[in-house]
Amino acid sequence: MIGIIVAMDSEWNAIVEIMDQVENIQISGISMAKGKLNNKNVIIMKSGVGKGNAAMSMTILFENFVIDKVINIGTAGGLKPEQKVLDAVVSTKVVQHDFDTSAIDGVDGIGLYYEADQELVIKIKQVLENMDVRVFNGLIASGDQFIAEDDKRMRLEHLFPDAICAEMEAGAIGQVCSHYHVPFVVLRSLSDVACNQDSHIDFSVYVTHAAARSAKLCKELMKVL
């Protein structure tokens, strides 16, 4: 079974709407829905926001279902000046940027890294390109904070110069998937770009568009998985 992980109701609703044979499930307060998407067995789960919620919900998912692969879909802030709102970012790896034991371990204690599955990366990139979506591949930085202030953005640029977007769940999802030896990929749609002052869009408009596109992507991706 393929696990599709989302954080927002809009993403959940858009995907569940196009699933067949939907069965809604609640386990320990975590919302899930089993069903079929393009004749593939899938389960969609709302992880909640932040690394703690993501780690907890992912563990509950893996302890109750046999999951073959994980696709995490959501929103992020772009970190590169060439990016635009609604561009897509596909993870080659993820890092927990707020993990820091450098006082003991030196530079090796900054960040926890997890590798995304390269086959999934290639397939999801191909589907996005076929949908005429501009795609960036690279490192996704994950932490329990919004990167809204310049000092936070500059810290990320200094410590993780390869990071191309920042968000709040992917690092924990990558960690739990790695622990359970389940391949994963993370897709983020950019809601803003931190270094571009003119990169903002009305969030209600963005959410509607991004959620619909994510649902279409999931359906198309099932054809090649």
Side-chain angles (χ1 to χ4, degrees), residues 1-8 11-12 27-32 42-77 79 88-125 136-147 152 155-156 159-189 214 218 225:
M1 189 184 315
I2 298 169
I4 301 172
I5 315 304
V6 302
M8 295 193 299
E11 296 156 346
W12 165 280
I27 302 177
S28 299
I30 305 299
S31 296
M32 309 178 195
V42 300
I43 183 165
I44 181 171
M45 181 184 73
K46 277 191 281 190
S47 65
V49 175
K51 299 199 313 296
N53 282 326
M56 176 184 64
S57 58
M58 289 297 296
T59 301
I60 290 169
L61 176 68
F62 286 152
E63 290 294 323
N64 286 275
F65 300 95
V66 177
I67 304 298
D68 301 313
K69 50 184 67 75
V70 163
I71 303 159
N72 175 219
I73 289 171
T75 292
L79 295 173
V89 172
V90 179
S91 62
T92 53
K93 63 175 67 172
V94 298
V95 61
Q96 295 183 19
H97 69 74
D98 54 357
F99 182 90
D100 187 350
T101 62
S102 58
I104 300 171
D105 301 317
V107 295
D108 290 339
I110 299 176
L112 285 179
Y113 291 84
Y114 301 95
E115 295 277 348
D117 182 78
Q118 292 308 302
E119 183 179 352
L120 287 174
V121 170
I122 291 168
K123 288 181 176 178
I124 202 168
K125 185 175 180 234
F136 292 82
N137 279 9
L139 176 66
I140 292 180
S142 190
D144 286 321
Q145 55 189 242
F146 286 105
I147 307 300
K152 291 181 180 179
R155 174 187 176 274
L156 279 184
L159 294 176
F160 308 98
D162 294 335
I164 56 178
C165 73
E167 53 73 73
M168 299 179 68
E169 296 85 35
I173 290 169
Q175 183 174 13
V176 178
C177 286
S178 297
H179 178 79
Y180 284 90
H181 305 291
V182 176
F184 76 93
V185 66
V186 177
L187 166 68
R188 289 288 182 266
S189 179
S214 293
C218 287
L225 293 182

Applying side chain to side chain donor-acceptor pair (under 3.5 Å) to K69 and not counting sequence neighbours gives none
Name the atoms and distances for all side-chain donor-acceptor pairs under 3.5 Å in residues 48-56, with sequence neighbours left out.
{"from": "K51", "atom 1": "NZ", "to": "D98", "atom 2": "OD1", "distance (Å)": "3.0"}
{"from": "K51", "atom 1": "NZ", "to": "D98", "atom 2": "OD2", "distance (Å)": "3.0"}
{"from": "K51", "atom 1": "NZ", "to": "D144", "atom 2": "OD2", "distance (Å)": "3.1"}
{"from": "N53", "atom 1": "ND2", "to": "V49", "atom 2": "O", "distance (Å)": "2.9"}

Could you grab the distance from atom CD of E11 to atom CD1 of I44, nearest 0.5 Å is fine? 8.5 Å
If I take atom CD1 from residue I5 and atom CD1 from residue I67, how far apart are they, to the nearest 0.5 angstrom? 7.5 Å
Quick check for you: to the nearest 0.5 Å, what is the distance between F99 atom CZ and L112 atom CG? 4.0 Å
All side chain to side chain donor-acceptor pair (under 3.5 Å) counterparts of Q145, not counting sequence neighbours: none
Set out, in order, the CA-CA distance, both residues' side-chain angles and the distance that settles side-chain contact (heavy atoms from CB on, under 4.5 Å) for V94 and I173, then state yes or no. CA-CA 9 Å; V94 298; I173 290 169; over 6 Å; no
Heavy atoms only: give me the nearest W12-S31 pair and the separation to one decimal. CZ3-O, 3.6 Å
Looking at every heavy atom in both L156 and A141, which two are closest together, and how far apart are they? CD2-CB, 4.3 Å
On a heavy-atom basis, which atom in I110 and which in F160 lie closest, and how many Å separate them? CG2-CZ, 3.7 Å
In this structure, CG of L159 is separated from NE2 of H97 (nearest 0.5 Å) by 10.0 Å
Under the rule for side-chain contact (heavy atoms from CB on, under 4.5 Å), what residues qualify as partners of D117, not counting sequence neighbours? E119, L120, P183
Look up atom OG in S57 and atom CZ in F62, then write down how far apart they are to the nearest 0.5 Å. 10.0 Å
Side chain to side chain donor-acceptor pair (under 3.5 Å): which pairs involve residues 175-185, sequence neighbours left out? E63-Y180, Q96-Q175, Y114-Q175
Under 6.0 Å from the NZ atom of K125, do we count more than 12 heavy atoms belonging to anything else shown? no
How about NZ on K93, more than 12 heavy atoms from neighbouring residues, nucleotides or ligands closer than 6.0 Å, or not? no
Value rounded to 0.5 Å, distance of SG in C218 from CD1 in I2: 9.5 Å
Using every non-hydrogen atom in the two residues, find where G111 and V95 come nearest and quote the distance to one decimal. CA-CG2, 3.8 Å
Which residues share a side chain to side chain donor-acceptor pair (under 3.5 Å) with S102, sequence neighbours left out: D100
Could you pull out all residues at least two apart from A88 that satisfy side-chain contact (heavy atoms from CB on, under 4.5 Å)? L128, V133, L187, R213
Could you tell me which residues satisfy salt bridge (charged side-chain N to carboxylate O under 4.0 Å, His left out) with E167, sequence neighbours excluded, listed by chain and number? R188
Could I get the full list of side chain to side chain donor-acceptor pair (under 3.5 Å) partners for N137, not counting sequence neighbours? none
Checking M32 now: which residues fulfil side-chain contact (heavy atoms from CB on, under 4.5 Å) with it, not counting sequence neighbours? I25, I27, I30, I43, M45, I60, L61, F65
Could you tell me which non-hydrogen atom of I140 sits nearest to which non-hydrogen atom of C165, and how far apart they are? CG1-SG, 3.6 Å
Trace of the side-chain contact (heavy atoms from CB on, under 4.5 Å) decision for V70 with M58: CA-CA 10 Å; V70 163; M58 289 297 296; 4.0 Å; yes
With D162, which residues qualify under side-chain contact (heavy atoms from CB on, under 4.5 Å), at least two apart? L139
